[in-house]
Amino acid sequence: MTQIVTRFAPSPTGHLHIGGARTALFNWLLARKLGGRFVLRIEDTDALRSTEEFTQAILSAMTWLNLDWDGEPVYQTRRLALHREYIDKMLSSGQAYWCHCKPEDLEERRQAALAAGGKPKYDGLCREKNLGPAPGAVVRFKGPEAGETGWTDLIKGPVVFDNRELDDLIILKSDGMPTYNLAVVVDDVTMNITHIVRGDDHVNNTPRQILLYKALGAALPQFAHVPMILGADKTRLSKRHGATSVMAYKEMGYLPQALNNYLARLGWSHGDQEIFSLDEMRELFDLSHVGRSAGVFNPEKLDWLNSHYIKETPPEALGELFWPYLEKKGYAKPDAETLVKITHTVRERGKTLVELADKAEFYFQELPPLDPKAATKFLTPDNQAMLLAMKDVLTKPLTAQGFEDLLRRLAEEKAVKLGAVAQPLRVALTGQTASPGLFEILDILGPEKNLKRIDAALAFRA
RNA sequence: GGUCCCAUCGUCUAGUGGCCCAGGAUAUCGCCCUCUCACGGCGGGGACACGGGUUCGAGUCCCGUUGGGACUGCCA
């Protein structure tokens with residue numbers, strides 16, 4: 001069996017977005033599963049909008065997702081000579097022709113055709129004129145005027161287009177750059193791509209590209225069109241649906257495993273299984289189990305997966321992962337042992353690294369601000385008197401277990417529920433009514449901070 | 001408008017003619033656990049878009065309707 005070659009071909013006109021990441025993932029999975037090659041091609045022929053900065057951003061997003069590619073990324077603009085070569089070939093064999101129509105005239109004729117109930121396709125004005133190059137001229141592909149073009153899509157099954165629906169597409173722009181359809185085909189042919197896995201939005205391009213393959217006398221690759229990812233309103237996912245760039249999810253505190261897992265399950269399935277490591281996906285992935293209908297991006301399920309992977313990460317590693325978010329706020333890093341202890345207390349309380357950092361912030365504040373509602377409710381004169389009475393024992397060094405025993409005994413002595421002594425103390429130590437376990441907090445904070453925070457709580461006046 | 005694609009719980013999906021009066025996950029609700037909040041455990045409600053065929057039998061095959069999406073650029 002010959003080695004398969006897949007590719008991911010983003011255009012560097014923006015950051016790597018969710019949809020692109022899934023396309024990249026599927027290509028990567030397919031190649032890695034079948035022991036093939038996965039190559040990256042930067043489609044930068046749009047000179048106006050492509051930037052090196054976006055290229056680097058896409059590369060680092062891929063790296064963050066652990067999607068490694070084979071060889072160096074291929075830049076499409078460095079292959080212009082090759083593209084021109086193929087265009088010249090088609091020109092001399094009569095499969096392409098120069099067109100002198102002006103964009104404004106074209107637009108006008110399109111509108112007129114539309115108004116007359118016709119198709120807004122190129123009317124073929126220059127098709128038989130045998131024109132040569134000229135300033136502002138473009139080269140068009142001379143497409144067939146009858147017949148059908150189709151293929152068996154690995155996801156969608158048989159798809160057929162009537163050639164009359166396809167117009168003579170431009171393959172060389174007036175600025176000397178090849179167009180997308182031409183460059184894609186020439187590159188896929190010369191890079192020996194065997195499987196083209198891409199977004200559903202390209203199905204309409206596929207018959208045009210197949211025609212180009214045929215004109216070039218090249219063998220057709222396999223096509224697999226993955227359904228689109230939609231926003232909650234079922235329209236194509238875009239900025240107005242919130243964050244769409246992969247790196248934005250990184251900044252929001254999502255783990256790459258969670259994003260990969262989520263993206264894989266959006267469209268692909270393996271029975272009832274929900275959790276997949278990248279290795280597992282690679283083993284199990286199968287184009288025949290990719291669905292045909294578009295999927296809605298659901299941030300809540302991503303959250304669930306993220307908390308799953310957070311809980312799965314060993315505390316030592318997890319601490320290092322969320323610490324940067326606290327460092328950004330200027331806090332001093334605790335020793336490793338303390339950070340692990342802190343991590344244990346917050347790891348099941350947040351869905352993102354950012355939430356973990358937020359929940360842990362009170363440990364680091366000089367004096368956590370007292371939430372007015374919490375303080376008013378729990379730091380009543382009675383409770384303050386109780387805290388004052390217990391202050392001596394509370395500010396001694398003890399283990400978490402020691403503090404638990406102590407507080408349970410105190411509650412018993414006063415004949416109240418544990419909550420009655422815990423809540424005022426919690427507000428004193430954290431400023432909030434909701435927090436990690438109190439006994440662990442007492443241990444982590446230590447006598448000095450415990451004392452300071454209790455004193456501050458005793459000074460509170462409603 | 002035209003072409004193409006799609007259609008199972010709110011959402012992601014299992015389902016490849018009988019195993020389905022439809023299973024899992026998430027979300028939601030209730031109960032339990034409990035020092036708070038979470039986590040966790042248990043349970044509830046919730047879907048085959050509609051109409052025709054084909055067949056002994058249809059979520060599964062065919063046709064139509066409706067609905068949604070993509071494309072319709074000298075963007076990719």
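Only a predicted model underlies this, so the values are computations on that prediction, with no experimental measurement involved. Sequence lines set the chain letters: A, B, ... in the order given, protein chains first and strands last, and positions in each chain run from 1.
- For B:rG51 and B:rG43, the C1' atoms lie 38 Å apart once the distance is rounded to whole Å.
- In this structure, A:C99 reaches neither bases nor backbone, as no heavy-atom distance under 4.0 Å exists between it and the strands shown.
- Using atom C1' as the reference point in both B:rU66 and B:rC20, the two lie 26 Å apart (nearest Å).
- Between A:F297 and A:Y262, the angle of the ring planes goes over 60°, which puts this pair in the perpendicular group of the 30/60° scheme.
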Inset, instruction - Apply the test salt bridge (charged side-chain N to carboxylate O under 4.0 Å, His left out) to residues A:R110 and A:E107: give CA-CA distance (whole Å), side-chain angles for both, the deciding distance (0.1 Å), then the verdict. - result: CA-CA 5 Å; A:R110 254 197 295 268; A:E107 183 54 29; 3.2 Å; yes
Review item, side-chain donor-acceptor pairs of residues 131-146 of chain A, under 3.5 Å, at least two apart:
unit_1 : atom_1 : unit_2 : atom_2 : d
A:R140 : NH1    : A:D168 : O      : 2.7
A:K142 : NZ     : A:E128 : OE1    : 3.4

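- Heavy atoms from other residues, nucleotides or ligands lying under 6.0 Å from CZ of A:R292 number 12 at most.
- The residue A:L438 sits close to a base: some heavy atom pair falls under 4.0 Å.
- Contact annotation for A:S307: no contact, since no heavy-atom pair falls under 4.0 Å across all strands.
- From the 5' end on, the contacts that RNA chain B makes with chain A at under 4.0 Å to a non-hydrogen atom open and close at B:rG1 to B:rA76.
- At a threshold of 4.0 angstrom between heavy atoms, the contacts of A:K301 include nucleobase atoms, whether or not backbone atoms are also involved.
- Looking at heavy-atom distances under 4.0 Å, A:H225 makes no contact with the nucleic acid at all.
- Within the nucleic acid shown, A:S50 has no heavy atom closer than 4.0 Å to any nucleic acid atom.
- If you check every strand for non-hydrogen atoms under 4.0 Å, A:R49 touches a base.
- Residue-to-nucleotide proximity on RNA chain B shows that, of A:L172 and A:D162, the 5′-proximal contact is made by A:D162.
- When heavy atoms are screened at a 4.0 angstrom cut-off, A:V160 is found touching the sugar-phosphate backbone but no base atom.
- Taking all atoms of both residues into account, the shortest heavy-atom contact from A:F439 to A:L407 is CE2-CD1, 3.7 Å.
- The base-pairing partner of B:rU26, taking Watson-Crick or G-U wobble contacts with both distances under 3.5 Å, is B:rG10.
- A distance of about 23 Å separates the C1' atoms of B:rA14 and B:rG68, rounded to the whole Å.
- A gap of 8 Å separates the C1' atoms of B:rA22 and B:rC48, to the nearest Å.
- Using a 4.0 Å heavy-atom cutoff across all strands shown, A:G136 reaches at least one base atom of the nucleic acid.
- If you check every strand for non-hydrogen atoms under 4.0 Å, A:R426 touches a base.
- Nucleotides B:rG24 and B:rC9, compared at atom P, are 16 Å apart to the nearest Å.
- Judged by Watson-Crick or G-U wobble contacts below 3.5 Å, the nucleotide B:rC19 has no partner.
- Distance alone, capped at 3.5 Å, places no donor-acceptor pair between the A:R22 side chain and the A:H17 backbone.
- Within 6.0 Å of atom CD in A:E280, more than 12 heavy atoms from other residues, nucleotides or ligands are found, so the atom counts as buried in its surroundings.
- B:rG30 and B:rC37 have their P atoms separated by 14 Å, with the value rounded to a whole Å.
- Separation of the C1' atoms belonging to B:rG18 and B:rC4 is 35 Å when rounded to the nearest angstrom.
- Contacts of A:P227 with the nucleic acid, taken as non-hydrogen atoms under 4.0 Å apart, are absent.
- Base-pair partner of B:rG45: not found among the strands shown (Watson-Crick or G-U wobble, both distances under 3.5 Å).
- Nucleotides of RNA chain B nearest to A:E274 and A:V296 differ in position, and the one nearer the 5' end is that of A:V296.
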When the side chains of residues 346-353 of chain A are checked against the rest of the protein, which donor-acceptor pairs come out under 3.5 Å, sequence neighbours left out?
unit_1 : atom_1 : unit_2 : atom_2 : d
A:R347 : NH2    : A:K311 : O      : 2.6
A:R347 : NH2    : A:T313 : O      : 3.1
A:R349 : NH1    : A:T345 : O      : 2.9
A:T352 : OG1    : A:V354 : N      : 3.4
A:T352 : OG1    : A:E355 : N      : 3.0

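- Contacts of A:S293 with the nucleic acid, taken as non-hydrogen atoms under 4.0 Å apart, involve only primed sugar atoms and P, OP1 or OP2.
- Of the C1' atoms belonging to B:rC39 and B:rG57, the separation is 47 Å, rounded to the nearest Å.
- Heavy atoms of A:K311 sit under 4.0 angstrom from primed sugar atoms or phosphate atoms, though from no base atom.
- In this pair, A:H270 and A:W268 present their aromatic rings parallel. The plane angle is below 30°, not in the 30 to 60° band.
- Across the strands present, B:rU3 finds its partner in B:rA70; the criterion is a Watson-Crick or G-U wobble pair with both atom distances under 3.5 angstrom.
- If you check every strand for non-hydrogen atoms under 4.0 Å, A:S269 touches sugar and phosphate atoms only.
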